[in-house]
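Here's the structure, in structure tokens; my notes come after.
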Amino acid sequence: MRNVRIINGIPATKSRYGSHYGERVIEIGGEKYREWIPWRSKLSALILKGHEIEFRGDERVLYLGASTGTTLSHLADVIDEGVIYAVEYSAKPFIKLLELAKERENVIPLLYDASKPWLYSGIVEKVDFIYQDVAQRNQVGILKANADFFLKNDGSFLLMVKAKSIDSTAEPKEVFDAVVEKISRDFSILETGSLEPYHKDHIFILGVKI
Ligand SMILES: C[S@@+](CC[C@H](N)C(=O)[O-])C[C@H]1O[C@@H](n2cnc3c(N)ncnc32)[C@H](O)[C@@H]1O
């Protein structure tokens, strides 16, 4: 992934900015890199496990479930010439997210419920990529609704799925199979994979709008 390198065994993003969540900033050859902690970020875990997602750096991205901006801060280093619309509905993490948006011109913070995309349809433009990490029971519906509103044809998405947030009693594999089957009704799935050992009972689903 552009602007990412592995330093001391973990991913790090080249950045013009300082630490956002206590991660170390390392200087190499006059450039600053922010350590991207795989236990704190599912996207970092995905990279560390050898999966690749290509970005040009000027994409329009919709990020659903941005929380305090941990992963978002790194994605903003990667998409440094694009725009990321960051949706979070909980006021507490949103305060920290606002701190990030104040220093990053490419982050637009939106305090909205991602299950109601029509509420922010006047703000968000068509996007190339949706990153979703809402840990909600209805996450497939949330993805579909947002893709219908905002994802360009041929645009792609990355969905992070936590088995326990969908069904806390079922076997994770059963939950994942059901989610993959549901998603494949509306999207073309490119890749799925586990995020273990960094995130227990989590998988990612990478797909494209068809
Ligand atoms: C697992 S955390 C996200 C962590 C974050 N993606 C990261 O890696 O830094 C899930 C977040 O999704 C938010 N969330 C859950 N349902 C949501 C919804 N319907 N609309 C907006 N945010 C939602 C939660 O408030 C929580 O902050």
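Not measured: the values here are computed from a predicted model. Just so you know, ligand 1 is whichever comes first in the structure, and atom 1 is the first atom listed for that ligand.
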Is it true that atom CZ of Arg56 has more than 12 heavy atoms of other residues, nucleotides or ligands lying nearer than 6.0 Å?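 Buried by this count: over 12 neighbours within 6.0 Å.
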
More than 12 non-hydrogen atoms from neighbouring residues, nucleotides or ligands closer than 6.0 Å to CD on Glu171, yes or no?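 No, CD of Glu171 has 12 or fewer neighbouring heavy atoms, counting only those of other groups under 6.0 Å.
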
Residue among Arg24, Arg40, Arg5 satisfying salt bridge (charged side-chain N to carboxylate O under 4.0 Å, His left out) with Glu35: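 Result for salt bridge (charged side-chain N to carboxylate O under 4.0 Å, His left out) with Glu35: Arg24.
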
So that I know where these two stand, are Phe150 and Phe157 an aromatic pair - ring centroids less than 6.0 Å apart?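 Between Phe157 and Phe150, which both carry aromatic rings, the centre distance is not below 6.0 Å.
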
By salt bridge (Lys or Arg N to Asp or Glu O under 4.0 Å) - contacts of Lys116 (at least two apart):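 Partners of Lys116 by the salt bridge (Lys or Arg N to Asp or Glu O under 4.0 Å) criterion come out as none, since no residue qualifies.
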
Taking C-beta and beyond as the side chain, do Phe129 and Phe55 meet within less than 4.5 Å on heavy atoms?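 Yes; the side chains approach each other to less than 4.5 Å.
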
Which N or O atoms of ligand 1 sit under 3.5 Å from a protein N or O, and how far apart is each pair?
unit_1: ligand 1; atom_1: 6 (N); unit_2: Tyr63; atom_2: OH; d: 2.7
unit_1: ligand 1; atom_1: 6 (N); unit_2: Gly65; atom_2: O; d: 2.9
unit_1: ligand 1; atom_1: 6 (N); unit_2: Asp133; atom_2: OD2; d: 2.9
unit_1: ligand 1; atom_1: 8 (O); unit_2: Thr71; atom_2: OG1; d: 2.6
unit_1: ligand 1; atom_1: 9 (O); unit_2: Thr71; atom_2: N; d: 3.1
unit_1: ligand 1; atom_1: 9 (O); unit_2: Thr71; atom_2: OG1; d: 3.4
unit_1: ligand 1; atom_1: 16 (N); unit_2: Tyr89; atom_2: OH; d: 3.4
unit_1: ligand 1; atom_1: 16 (N); unit_2: Gln136; atom_2: NE2; d: 3.1
unit_1: ligand 1; atom_1: 19 (N); unit_2: Asp113; atom_2: OD1; d: 2.9
unit_1: ligand 1; atom_1: 20 (N); unit_2: Ala114; atom_2: N; d: 2.8
unit_1: ligand 1; atom_1: 22 (N); unit_2: Tyr89; atom_2: N; d: 3.3
unit_1: ligand 1; atom_1: 25 (O); unit_2: Glu88; atom_2: OE2; d: 2.6
unit_1: ligand 1; atom_1: 27 (O); unit_2: Ser67; atom_2: OG; d: 3.4
unit_1: ligand 1; atom_1: 27 (O); unit_2: Glu88; atom_2: OE1; d: 2.8
unit_1: ligand 1; atom_1: 27 (O); unit_2: Glu88; atom_2: OE2; d: 3.3

